[in-house]
Each structure stands twice: as C-alpha cells, then as structure tokens.
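Scroll down for the structure; my scribbles are underneath it.
Note on naming: letters A, B, ... go to the chains in the order of the sequence lines (proteins, then strands), and numbering restarts at 1 for each one.
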2 protein chains.
Amino acid sequence: MKTFNIGELSDKSGVASHAIRFYERENLMPEPARTQSNYRRYPEDAIARLQFIIHAKQWGFTLDEIRELLMLQDANGDRAEARQIAKKQLEKIRHQIQSLSRIEAVLSETLKECSGEGPMDGCPIVEAIAQQG
Amino acid sequence: MKTFNIGELSDKSGVASHAIRFYERENLMPEPARTQSNYRRYPEDAIARLQFIIHAKQWGFTLDEIRELLMLQDANGDRAEARQIAKKQLEKIRHQIQSLSRIEAVLSETLKECSGEGPMDGCPIVEAIAQQG
DNA sequence: CATAACCTTAAAGTGAACTTTAAGGTCAAG
DNA sequence: CTTGACCTTAAAGTTCACTTTAAGGTTATG
C-alpha cells in the first residue's frame with residue numbers, strides 16, 4: 001500500500017499542505033500516521049477524502065456541514081440525516097438563485113436605460129440604486 | 001434646514017451609529033459638521049446617501065464598488081464609468097446564477113434518488129459529492 | 001444635581017476559510 | 001558535508017463589513 005507525505009498529498013489532491021493541516025485541526029481530516037521523524041504519512045484514500053471536501057465546497061456546503069457529512073460517513077450513520085443536510089442546502093441554493101434573479105432583472109433593465117453618455121447627474125443607474133433596492 | 005445627531009440619523013436610515021462612523025472612516029460618508037461639543041451634525045441628505053449604500057449592498061456591490069460610484073457622483077464624473085461598474089456587476093450576478101443553477105440541478109436530482117432510508121454506505125448524496133462536484 | 005441616555009475615540013473582536021510567518025528539524029542530491 | 005527542498009509547530013495575518021469594548025465627555029429629564 002502506498003503512503004504519502006503531506007506535500008505529495010497536496011500535489012495529488014490540489015489542496016495546499018497548510019490547508020490539509022488546517023482540515024486536520026478542524027476535524028475534517030483524521031490524524032494520520034507519523035514517521036519516526038514525525039512526518040505525516042497518508043494512505044491513498046486521503047486523496048478521495050480531500051476531493052470530497054473540495055466538491056462539497058463547490059456545492060456551497062460550509063466546512064461545518066462538510067464535517068457533519070464526513071462524521072455521518074465515518075460513523076456509518078443515518079442516511080436520513082445526510083438527506084436533511086442536503087435538502088437544507090438545496091433550499092439555500094434555490095433562495096439564492098431567486099434573490100439573484102430579481103437583482104439580475106432590475107439591473108439589466110436599468111443598464112438598457114443608460115446609454116453611458118453624459119454626466120453622472122441624472123444617471124439611471126444611480127437613480128435606480130438610490131430609489132429602491 | 002434640519003440637522004441630526006448620529007443617533008437620529010441611525011434611526012432614520014436604519015444604519016447603526018457605529019456603522020455610520022465606519023463608513024466615514026472608509027470614505028463612503030463625508031466628514032460631517034461638528035457641534036461645539038464635537039458631536040457630529042448631519043444634513044438631511046445624509047439619509048439618502050446611507051440608503052444609497054444600503055441598496056447598492058443589496059444589489060451585491062462591495063463597499064469598494066459603492067465608494068467608486070459615490071465618488072463618481074460627488075465629482076459629477078463620467079456616466080460611462082458608472083455604467084462599466086454596473087455592467088461588471090451584472091456579469092458577476094449572471095455568473096453566480098449559472099453556477100448555482102448547475103448545482104441546483106444536480107443536487108435536486110440526487111435528492112430524488114435518495115429515499116433517506118438505510119445506512120450511509122452507498123448513500124447517493126455522498127456518492128454524488130465524492131464523484132464529481 | 002444626579003442619573004440615564006446620548007456622544008467621542010481608538011483598538012480589538014467576529015466568522016469563514018484559509019495563508020503567512022517564525023523558528024526551527026529532516027532528508028536527498030551533488 | 002553543505003545546500004536546498006522538504007517537514008514540524010504555534011501564532012499571527014488576511015478579507016469583508018462591520019460590532020464590541022474600553023474609557024471616557026455631554027446633554028436632557030426628573
């Protein structure tokens with residue numbers, strides 16, 4: 001079985017060494033074995049765990065939520081709990097999309113009204129921001 | 001002409017006194033007049049300026065961007081520049097909506113596949129996160 | 001005239017997710 | 001055997017947009 005130093009794991013996973021140590025302190029990564037000289041030695045599945053963290057982050061999960069998901073996996077916990085976490089995340093994302101879509105609509109409408117010529121005084125963009133939000 | 005203490009301005013604008021002083025340090029609000037006892041005295045248009053800041057924040061502008069917009073107004077600058085700032089913001093928002101929509105699609109699909117019953121081992125949610133992002 | 005409710009400043013704290021720095025110890029190459 | 005690239009730790013710094021704290025001075029009310 002292959003094992004890695006933290007630098008090799010960093011290269012293979014794309015996560016900086018310092019970030020890996022940070023994840024260890026934050027209980028996202030388990031404490032790895034050590035060499036006699038106290039170097040961290042990681043098994044191959046550490047790569048997958050880091051990639052799980054990266055992907056979950058891309059999905060907008062916070063480290064707290066990711067820790068929860070990892071703990072459920074480690075304890076082989078209840079699938080219903082994982083579902084709850086993901087469901088909450090989906091709602092959060094849908095809410096964000098709605099807010100951003102409203103802003104997109106008003107902002108693009110406002111931009112159509114502003115030719116970009118002339119002085120600031122009377123600029124439709126500024127007036128739109130000033131008026132309502 | 002009416003003038004206000006910082007607390008009155010805070011009540012009228014909905015922005016905390018400390019935040020108003022913070023905006024002054026950050027050059028979003030101009031230094032107001034002072035009473036003999038060194039209290040800040042604000043004119044009525046300070047309310048509108050704070051509301052401009054609030055609304056711009058709701059549109060997702062950062063304080064740096066808001067400062068730029070306010071400086072353009074104060075200097076009665078070029079409308080084209082304000083348009084550029086707003087355009088960049090619109091692109092940023094559209095990009096965010098796209099990313100979130102992709103996540104929404106995959107996450108809701110994954111949730112449909114997961115009944116919520118059984119152990120974590122083999123949970124479609126965990127597998128979906130582990131696999132790709 | 002005391003007390004509460006304002007106001008002043010500078011500086012430190014918050015949270016999220018790291019990154020950077022300081023001050024070393026270890027290991028492989030030439 | 002030395003140079004450089006790795007590794008160790010703890011602690012402080014980063015960004016954003018404030019909030020909180022500390023340590024006072026001022027003004028309105030009873």
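Under the 3.5 Å distance criterion, with hydrogens and angles disregarded, a donor-acceptor pair is assigned to the side chains of Arg41(B) and Thr3(B).
Atom pair Ile53(B):CD1 and dA17(D):P shows a separation of 12 Å (rounding to whole Å applied). Between Phe61(B) atom CZ and dC16(D) atom P the separation is 16 Å, expressed in whole Å.
Of the candidate nucleotides dT21(C), dA10(C), dA17(C), dA17(C) has the atom lying nearest to any side-chain atom of Phe22(A). Taking the side chain of Arg40(B) as heavy atoms from C-beta on, and the options dC7(D), dT9(C), dT19(C), the nearest nucleotide is dT9(C). Considering only side-chain atoms of Asn38(B), the nucleotide from dT8(C), dC18(D), dC18(C) that sits closest is dT8(C). Closest approach to the Ser37(A) side chain among dC18(C), dC27(C), dT9(C) is made by dC27(C) (side chain taken as heavy atoms from C-beta onward). Closest to the Ile6(A) side chain, of the nucleotides dT21(C), dC7(D), dA17(C), is dC7(D).
Base contact: Arg21(A) has a heavy atom under 4.0 Å from a base atom. Backbone-only contact: Asn5(A) has heavy atoms under 4.0 Å from sugar-phosphate atoms and none from a base.
Under 4.0 angstrom from either OP1 or OP2 of dC16(D) there lies no side-chain N or O belonging to Lys57(B). Remark: Arg34(A) is in phosphate contact with dT9(D), judged by side-chain N or O atoms under 4.0 Å from OP1 or OP2.
Side chains of Glu127(A) and Pro124(A) form no contact here, defined as non-hydrogen atoms less than 4.5 Å apart. Residues Ile85(A) and Leu72(A) have side chains in contact (heavy-atom distance under 4.5 Å, counting atoms from C-beta outward).
Map Gln36(A) and Ala16(A) each onto its nearest nucleotide of DNA chain C; the residue landing nearer the 5' end is Ala16(A). Taking the nucleotide of DNA chain D with the nearest heavy atom to each of Tyr39(B) and Thr62(B), the more 5' of the two is matched to Thr62(B). Sequence order on DNA chain C of the closest nucleotides to Gly7(B) and Asp64(A) puts Gly7(B) first from the 5' end.
Residues Tyr39(A) and Leu50(A) do not share a hydrophobic cluster, defined by chaining ILVMFWY side chains whose heavy atoms lie under 4.5 Å apart.
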